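Just so you know, these numbers come straight off a predicted model, no measurement behind them.
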Amino acid sequence: MRVLVKDLKEHIGKQVELWGFLHWRRDLGKIQFLLLRDRTGIVQVVTGGQRLPLPESSLRVRGVVVESPKAPGGLEVQAEALEVLSPALEPTPVEIPKEEWRAHPDTLLEYRYVTLRGEKARAPLRVQAALVRGFRRYLDRQGFTEIFTPKVVRAGAEGGSGLFGVDYFEKRAYLAQSPQLYKQIMVGVFERVYEVAPVWRMEEHHTSRHLNEYLSLDVEMGFIGSEEEIMDLEEALLQEMLEEALTGAGDEIRLLGAEWPSFPKDIPRLTHKEARRILKEELGYPVGQDLSEEAERLLGEYAKARWGTDWLFITKYPRALRPFYTHPEPDGTTRGFDLLFRGLEITSGGQRIHRYEELLESLKAKGMDPEGFQGYLEVFKYGMPPHGGFAIGAERLTQKLLGLPNVRYARAFPRDRHRLTP
Ligand code: AMO
């Protein structure tokens, strides 16, 4: 009977068939030990008189499950037949079970197509898949509709960070740096929408927190009273995402030794002004208008010490720091917020401008050409309700949840300043 590694304990004393990869091997002459890995785990297999193929070959093994206290997991399979389905033709560039995580990051990324098979390398992707599942499930239940907006666009939405140009027949087009404008338009259609899709940022940053292509988890909701409702929504949403990660990828979380965060409930909401005061007066940190990465890290520590939380909303950002679509306040601030998790910005969001005239004015005030925003602007002539939303950077959330040293490990095939392959 064909079984998965995780179910072997239910088959002790019985004959089973396993399909998987040769994870590791050891030849003692008369007998050979190997570890077989499938999508659910790893088990030791003992066989005799075989010439084992190279690691990462795919195999089909038939044998009897026996208890074996010395084997990993306390079980082993005594093989009766071993068929090589597809042999590895060369040794892997990195010895997966031994060197994983110890090899140089560039080496791990260079050979990602095979190093990803390592249990620790693939674990963050499983956790991320569970987070996204929780994201979708919660929003579906709240009456949101999943949308799919164009990724080749006429203009940028965010300002600031650069755009990648694309030749689109005779026209100049760009890779979308966010679905911002389209998700707002779709609020006019479905009131509540979300999207899970990649976005592109031509940023020169070569840091452990920046990717040039990342997965953006976007939410937009209509008929709101203020941005406070958007933050409430994000708290409940994050809670469900974390729960799904724990139930759906608990083994992976344990394998990585991740320290699970505090409950994302009643997250403290500090105004930008107050955050700057704390930095200056209480933490003795010289702050400019913009909060540097170091300032955010310090605020993360502050939130942990003062409120015992890993989460912190910074609200009411000044107008100069937010994109044109952000709802302004009369005092020069806005209804825009960021969410810091363990001292790293994982979300930006806020309430948007929903009146045509104000939007036009805001574009002009930012020195942007309304021409480029034609279709978007038009929709504000047709009763756009007060609305707001946010976007979570999926890789950053995954990185910080799992304590990964680099955001690149939270993406299967990261794109950065120097990496376009594999
Ligand atoms: P923003 O530009 O702040 O906001 O991006 C939202 C979130 O995306 C993540 N992020 C990144 N992750 C990895 N590499 C990058 N280079 C990178 N840049 C951003 C961060 C960030 O908080 N349209 C707004 C969202 C909204 O208001 O709804 C936006 O895109 O986690």
Notebook entry, point to check: Which pair of non-hydrogen atoms, one from P414 and one from A412, has the smallest distance, and what is that distance?
Noted result: CD-O, 3.5 Å
Notebook entry, point to check: Should the heavy atoms of other residues, nucleotides or ligands under 6.0 Å from CZ of R141 be counted, would the total exceed 12?
Noted result: yes
Checklist line | Ion pair E244/R136, N-O distance below 4.0 Å | finding: no
Check: Hey, are R122 and E252 close enough for a salt bridge, meaning a charged N less than 4.0 Å from a carboxylate O?
Finding: no
Checklist line | Any L108 side-chain heavy atom under 4.5 Å of R408 side chain | finding: no
Notebook entry, point to check: Of all heavy-atom pairs between P55 and A88, which one has the smallest distance, and what is that distance?
Noted result: O-CB, 3.3 Å
Check: Does CZ in F164 sit with more than 12 non-hydrogen atoms of other residues, nucleotides or ligands closer than 6.0 Å?
Finding: yes
Next item on the list: Dump the intermediate steps for side chain to side chain contact (heavy atoms under 4.5 Å, CB included) on Q142 and L237, then the final yes or no.
Entry: CA-CA 10 Å; Q142 300 300 319; L237 170 64; over 6 Å; no
Margin query: Is any side-chain heavy atom of I42 closer than 4.5 Å to one of V5?
Written below: no
Item checked: Sidechain-backbone polar pair: T334 side chain, Y317 backbone, donor-acceptor under 3.5 Å -> yes
Check: Do K151 and E195 meet the salt-bridge criterion of a basic N to acidic O distance under 4.0 Å?
Finding: yes
Check: Roughly how far apart are L298 CG and L283 CG, rounded to 0.5 Å?
Finding: 6.0 Å
Item checked: Any donor-acceptor N/O pair, S216 side chain to D218 backbone, under 3.5 Å -> no
Notebook entry, point to check: Taking the side chain from T40 and the backbone from K6, do they hold a donor-acceptor pair closer than 3.5 Å?
Noted result: yes
Next item on the list: Give a yes or no on this: more than 12 heavy atoms of other residues, nucleotides or ligands lie within 6.0 Å of atom CZ of R39.
Entry: no
Margin query: Taking R419 first and then D106, would you say they form a salt bridge - that is, a charged N and a carboxylate O separated by under 4.0 Å?
Written below: yes
Check: Taking atom types as modelled, is there a side-chain donor on R396 or Y214 under 3.5 Å from an acceptor on the other?
Finding: no
Margin query: Test your reading of the model: is there a side-chain donor-acceptor pair from D310 to the backbone of S262, 3.5 Å cut-off?
Written below: yes
Item checked: Spatial distance of atom OG1 (T315) from atom CG (L270) [nearest 0.5 Å] -> 7.5 Å
Checklist line | Whether over 12 other heavy atoms sit under 6.0 Å from E90 CD | finding: no
Margin query: Below 30° counts as parallel, above 60° as perpendicular, anything between as tilted: where do the rings of F337 and F390 land?
Written below: tilted
Next item on the list: Could you check whether the rings of W311 and F341 sit parallel, tilted or perpendicular, using 30° and 60° as the cut-offs?
Entry: parallel
Check: Going by distance alone, is a donor N or O of one side chain under 3.5 Å from an acceptor N or O of the other, for Q44 and S68?
Finding: no
Margin query: Determine whether F380 and Q184 satisfy the following criterion, side chain to side chain contact (heavy atoms under 4.5 Å, CB included), listing intermediate values before the conclusion.
Written below: CA-CA 10 Å; F380 289 86; Q184 288 186 254; 3.9 Å; yes
Notebook entry, point to check: Just by distance, do the side chain of Q128 and the backbone of A410 share a donor-acceptor pair under 3.5 Å?
Noted result: yes
Check: If we only count heavy atoms from C-beta on, is the H327 to E227 side-chain gap below 4.5 Å?
Finding: no
Next item on the list: Look at the aromatic rings of H354 and H387 and report parallel, tilted or perpendicular, splitting at 30° and 60°.
Entry: perpendicular
Check: What distance do L75 atom CG and H11 atom NE2 have between them, rounded to the nearest 0.5 Å?
Finding: 11.0 Å
Note to self: What I want to find out is whether D251 reaches R254 closely enough, with some N-O distance under 4.0 Å, to be called a salt bridge.
What the structure shows: yes
Margin query: Looking at every heavy atom in both L82 and Q50, which two are closest together, and how far apart are they?
Written below: CB-NE2, 3.8 Å
Next item on the list: Determine the minimum heavy-atom distance between V287 and R276, stating which atoms define it.
Entry: CG2-O, 3.8 Å
Notebook entry, point to check: Looking only at heavy atoms, which two atoms of V407 and H210 are closest? And how far apart?
Noted result: CG1-N, 3.8 Å
Checklist line | Derivation and outcome, side chain to side chain contact (heavy atoms under 4.5 Å, CB included), residues L217 and Y194 | finding: CA-CA 7 Å; L217 308 180; Y194 69 88; over 6 Å; no
Check: Hey, is CD on E259 packed in by over 12 heavy atoms from elsewhere, all under 6.0 Å?
Finding: no
Next item on the list: Any chance you could lay out the side chain to side chain donor-acceptor pair (under 3.5 Å) test for E282 and Y302, step after step, and finish with the verdict?
Entry: CA-CA 10 Å; E282 298 189 33; Y302 181 87; 3.1 Å; yes
Checklist line | Polar side-chain atom of Q399 near backbone of Y409 as donor-acceptor pair, under 3.5 Å | finding: no
Margin query: Within the 4.5 Å heavy-atom criterion, are E220 and R352 side-chain neighbours or not?
Written below: yes
Notebook entry, point to check: Are E203 and R417 ion-paired here, with the side-chain N under 4.0 Å from a carboxylate O?
Noted result: no
Item checked: Spacing of M231 atom CE and R335 atom CZ [to the nearest 0.5 Å] -> 10.5 Å
Margin query: Has R62 got a side-chain atom pairing as donor or acceptor with E17's backbone, closer than 3.5 angstrom?
Written below: no
Next item on the list: Establish, from distance only, whether the side-chain atoms of Q239 and E235 form a donor-acceptor pair under 3.5 Å.
Entry: no
Margin query: Would you say CZ of R126 has more than 12 non-hydrogen atoms from neighbouring residues, nucleotides or ligands within 6.0 angstrom?
Written below: no
Item checked: Pairing of D7 and R2 as salt bridge, 4.0 angstrom limit -> no
Check: Heavy atoms, side chains only, cut-off 4.5 Å: are R322 and S348 in contact?
Finding: yes
Check: So do R25 and Q32 actually touch side chain to side chain, heavy atoms under 4.5 Å?
Finding: no
Check: Is the backbone N or O of G48 less than 3.5 Å from a side-chain atom of K30, with the two atoms forming a donor-acceptor pair by type?
Finding: no
Checklist line | Near-ring test F324/F373, centroid separation under 6.0 angstrom | finding: yes
Notebook entry, point to check: Does any non-hydrogen side-chain atom of E10 lie less than 4.5 Å from one of V3?
Noted result: no
Item checked: Salt bridge R37-E119, side-chain N to carboxylate O under 4.0 Å -> no
Next item on the list: Show your working on side chain to side chain contact (heavy atoms under 4.5 Å, CB included) between D338 and L291 and close with a plain yes or no.
Entry: CA-CA 11 Å; D338 276 5; L291 300 177; over 6 Å; no
Note to self: With a 3.5 Å distance limit and no angle check, can you tell me whether D167 reaches the backbone of E170 through a side-chain donor-acceptor pair?
What the structure shows: no
Margin query: So does L211 get a backbone contact from the side chain of D416, meaning a donor-acceptor N/O pair under 3.5 Å?
Written below: no
Next item on the list: Answer yes or no: are there more than 12 heavy-atom neighbours, outside K304 itself, under 6.0 Å from its atom NZ?
Entry: yes
Item checked: Pairwise distance OG1(T47) to CG(L59) - rounded to 0.5 angstrom -> 10.5 Å
Notebook entry, point to check: Taking atom types as modelled, is there a side-chain donor on T92 or E56 under 3.5 Å from an acceptor on the other?
Noted result: no
Margin query: What I'd like to find out is whether the side chain of L116 reaches to under 4.5 Å of the side chain of L125, using heavy atoms alone.
Written below: yes
Next item on the list: Identify whether the distance between the nearest side-chain nitrogen and carboxylate oxygen of E301 and R297 falls below 4.0 Å.
Entry: yes
Notebook entry, point to check: What pair of heavy atoms forms the shortest contact from R415 to P422, and how long is it?
Noted result: NH1-O, 3.1 Å
Margin query: A quick test of your reading: do over 12 heavy atoms of other residues, nucleotides or ligands sit less than 6.0 Å from NZ of K280?
Written below: no
Checklist line | Nearest-0.5 Å distance that lies between atom CG in L34 and atom CG in L22 | finding: 5.0 Å
